[in-house]
Amino acid sequence: MSTKLTETTSIVLRHSSRICNLKMTKEDEAVIISNNGENGFSAAQPVPAEMLEEEKKNPGDLKHPSIPGWFSEYCPIWPGQAHFLKVEKILFQGSSKYQSMMVFQSLAYGKVFVLDGALQLTEKDECAYQEMISHLPLCSIPNPKKVLLIGGGDGGILREISRHSSVEKIDICEIDTMLVDVYKQFFPDVAVGYEDPRVTLHVRDGIAFLESNPGGNYDAIIVDAFDPIRPDHELFKTSFFEFVAKALRPGGVLCIQAESIWFHSLDIEELVTKCRQIFKGSVEYAWTIVPAYPSGVIGFLLCSTEGPPVNFKSPINPIDPDSYGVAKGPLKFYNSEVHSAAFCLPSFAKKMIDSKVGSTMNGVGTTTTKT
């Protein structure tokens with residue numbers, strides 16, 4: 001059922017996302033950032049002693065620094081930092097039975113979508129995420145015909161899949177229809193993916209959908225449903241990856257968002273090890289630049305099942321530059337050079353991923369055991 005949306009033009013005065021409380025010790029250099037009108041912001045001031053004393057009496061009650069008129073994103077799994085965006089006006093605020101949503105017009109990033117206090121997408125840089133999570137897997141295999149998307153309710157990944165003329169069927173599992181409606185109203189160039197006649201929306205849980213799948217019928221599965229992924233996440237405790245591997249044909253591919261190499265919110269080594277045990281084909285880690293995300297980068301884990309070999313680093317299925325699908329224009333971020341470069345990891349990240357599993361990736365996308 002479609003949800004009727006309302007619009008408001010009020011200006012945000014204070015918004016603290018993900019977590020509202022900041023616990024501090026005597027050693028912390030705690031500051032309050034204050035607004036100084038049109039002339040900018042005043043210098044940071046020490047937190048008054050009475051506020052620190054109050055924090056000792058009531059731990060967790062002291063708010064983290066916020067700036068009136070700015071959206072702030074802070075989370076303990078990314079300690080010691082917050083990301084601020086200047087808000088021009090709030091366009092929408094509401095809640096479904098699953099989650100809360102907000103859309104605001106920002107000064108630097110265009111319209112911004114926030115889910116349960118966490119920034120999800122901005123008009124300025126959504127292309128870097130949507131294009132990479134879609135084309136890294138789809139350009140690595142010949143003639144993908146059937147694709148499953150779990151999550152990705154904004155429609156941007158659907159938009160990118162539509163550029164592949166070989167694709168005959170696109171299934172998407174998204175449990176929250178209100179989220180879909182909000183994107184269609186406020187981000188039509190993103191949600192345009194739903195206009196592709198090859199798309200079938202399944203309003204149900206993605207894991208339940210996979211459990212009921214007969215198996216071996218998808219060329220690619222793209223997962224954009226878990227954010228953020230923590231060390232105790234359900235991905236590590238359930239048979240999710242086994243269900244994905246079963247649903248893929250031989251030589252089929254998975255691409256799943258895999259956090260940032262700069263944070264330890266996700267045990268990437270453990271995730272890589274688990275996937276190499278399950279998928280039996282190639283397993284690679286790639287990354288892209290998304291300025292609005294914490295640390296400015298986000299990673300992807302790509303896996304293939306046993307069967308025709310897949311070399312994720314060397315795309316074999318280029319996108320026809322004249323084929324837009326339902327997109328309103330050409331690619332903004334992805335190209336074959338960016339594709340290959342995405343698998344070039346900084347030394348510390350390469351060492352981190354390779355060391356635990358005792359293997360390294362060779363030139364054809366398979367593993368070679370170190371001796």
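Keep in mind that what you see is a predicted model, and the values were worked out from it rather than measured. The analysis underlying the following values was restricted to heavy atoms, covering all of them including side chains, and did not include hydrogens, waters or symmetry mates. Count residues from 1 along the sequence.
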Kindly indicate whether the side chain of [X], heavy atoms from C-beta on, has any atom under 4.5 Å from the side chain of [Y].
X: Ile172; Y: Leu158; value: yes
X: Ile150; Y: Leu210; value: yes
X: Val180; Y: Val182; value: no
X: Met132; Y: Val338; value: yes
X: Glu174; Y: Leu201; value: yes
X: Val310; Y: Ile141; value: yes
X: Leu149; Y: Cys173; value: no
X: Leu179; Y: Leu115; value: yes

Can you name the residues that form a side-chain contact (heavy atoms from CB on, under 4.5 Å) with Ala128, not counting sequence neighbours?
-> Thr288, Val290, Phe333

Which residues share a side-chain contact (heavy atoms from CB on, under 4.5 Å) with Gln277, sequence neighbours left out | Thr273

Expected list for residues 320-330: side-chain donor-acceptor pairs under 3.5 angstrom, two or more places apart:
residue, atom, partner, partner atom, Å
Asp320, OD1, Asp322, N, 2.9
Ser323, OG, Arg163, O, 3.2

Between [X] and [Y] (side chain of the first, backbone of the second, donor and acceptor by atom type, cut-off under 3.5 Å), is there such a pair?
X: Ser314; Y: Asn311; result: no
X: Gln105; Y: Val87; result: no
X: His83; Y: Ala292; result: yes
X: Thr305; Y: Leu248; result: no
X: Ser340; Y: Lys313; result: yes
X: Ser106; Y: Tyr109; result: yes
X: Gln257; Y: Glu259; result: yes

With Lys146 as the cation and Tyr218 as the aromatic partner, state whether NZ or CZ is under 6.0 Å from the six-membered ring centre and within 45° of the axis.
-> yes

Test the Lys184-Tyr194 pair against the cation-pi criterion, namely NZ or CZ under 6.0 angstrom from the six-membered ring centroid and within 45° of the ring axis.
-> yes

Will you find, in the side chains of Asp154 and Gln130, an N or O donor that is under 3.5 Å from an N or O acceptor?
-> yes

From [X] atom [atom1] to [Y] atom [atom2], the distance as rounded to the nearest 0.5 Å:
X: Phe209; Y: His202; atom1: CZ; atom2: NE2; result: 4.0 Å
X: Leu148; Y: Leu254; atom1: CG; atom2: CG; result: 10.0 Å
X: His164; Y: Asn143; atom1: NE2; atom2: CG; result: 11.0 Å
X: Asn213; Y: Glu211; atom1: CG; atom2: CD; result: 11.0 Å
X: Leu301; Y: Lys274; atom1: CG; atom2: NZ; result: 12.0 Å
X: Ser140; Y: Glu284; atom1: OG; atom2: CD; result: 9.5 Å

Full working for side-chain contact (heavy atoms from CB on, under 4.5 Å) between Val112 and Leu121 | CA-CA 6 Å; Val112 178; Leu121 176 151; over 6 Å; no

Can you name the nearest heavy-atom pair linking [X] to [Y], along with the distance?
X: Asp125; Y: Thr122; result: OD1-OG1, 2.7 Å
X: Pro144; Y: Asn317; result: CD-ND2, 3.4 Å
X: Ala349; Y: Leu345; result: CB-CB, 4.3 Å
X: Ile90; Y: Gln93; result: CG2-CG, 3.7 Å
X: Ser100; Y: Gly117; result: OG-N, 4.5 Å
X: Ile222; Y: Ser134; result: CD1-CA, 3.9 Å

Kindly indicate, with the supporting measurements, whether the criterion salt bridge (charged side-chain N to carboxylate O under 4.0 Å, His left out) is fulfilled by Glu126 and Arg159.
-> CA-CA 12 Å; Glu126 57 89 11; Arg159 178 194 67 198; 3.0 Å; yes

Should we count [atom1] of [X] as having more than 12 external heavy atoms under 6.0 Å?
X: Ile289; atom1: CD1; answer: no
X: Lys145; atom1: NZ; answer: yes
X: Glu306; atom1: CD; answer: no

Verdict with supporting geometry, Trp287 and Ser260, side-chain contact (heavy atoms from CB on, under 4.5 Å) = CA-CA 8 Å; Trp287 60 320; Ser260 170; over 6 Å; no

Test of ring centre spacing under 6.0 Å for [X] and [Y]:
X: Trp262; Y: Tyr293; value: no
X: Phe84; Y: Phe71; value: no
X: Phe113; Y: Tyr183; value: yes

Set of salt bridge (charged side-chain N to carboxylate O under 4.0 Å, His left out) partners for [X], sequence neighbours left out:
X: Asp219; answer: Arg249
X: Asp196; answer: Arg198
X: Glu123; answer: Lys111

Cluster link [X] to [Y], ILVMFWY, side chain under 4.5 Å:
X: Ile207; Y: Ile175; result: no
X: Ile170; Y: Val203; result: yes
X: Ile133; Y: Leu119; result: yes
X: Val192; Y: Val199; result: no

Start with the C-alpha gap between Val253 and Leu302, add the side-chain angles, then the distance that decides, and say whether side-chain contact (heavy atoms from CB on, under 4.5 Å) holds.
-> CA-CA 7 Å; Val253 295; Leu302 293 107; over 6 Å; no

Using the side-chain contact (heavy atoms from CB on, under 4.5 Å) rule, take Phe104 and Leu91 through it: C-alpha gap first, then chi angles, then the decisive distance, then the call.
-> CA-CA 5 Å; Phe104 68 86; Leu91 301 174; 5.7 Å; no

Could you tell me how the ring of Tyr129 sits relative to the ring of Phe300: parallel (under 30°), tilted (30 to 60°) or perpendicular (over 60°)?
->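 Tilted: the ring planes of Tyr129 and Phe300 meet at 30° to 60°.
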
For Tyr334, which of His339, His135, Glu131 qualifies under side-chain hydrogen bond (donor to acceptor under 3.5 Å, both in side chains)?
-> His339

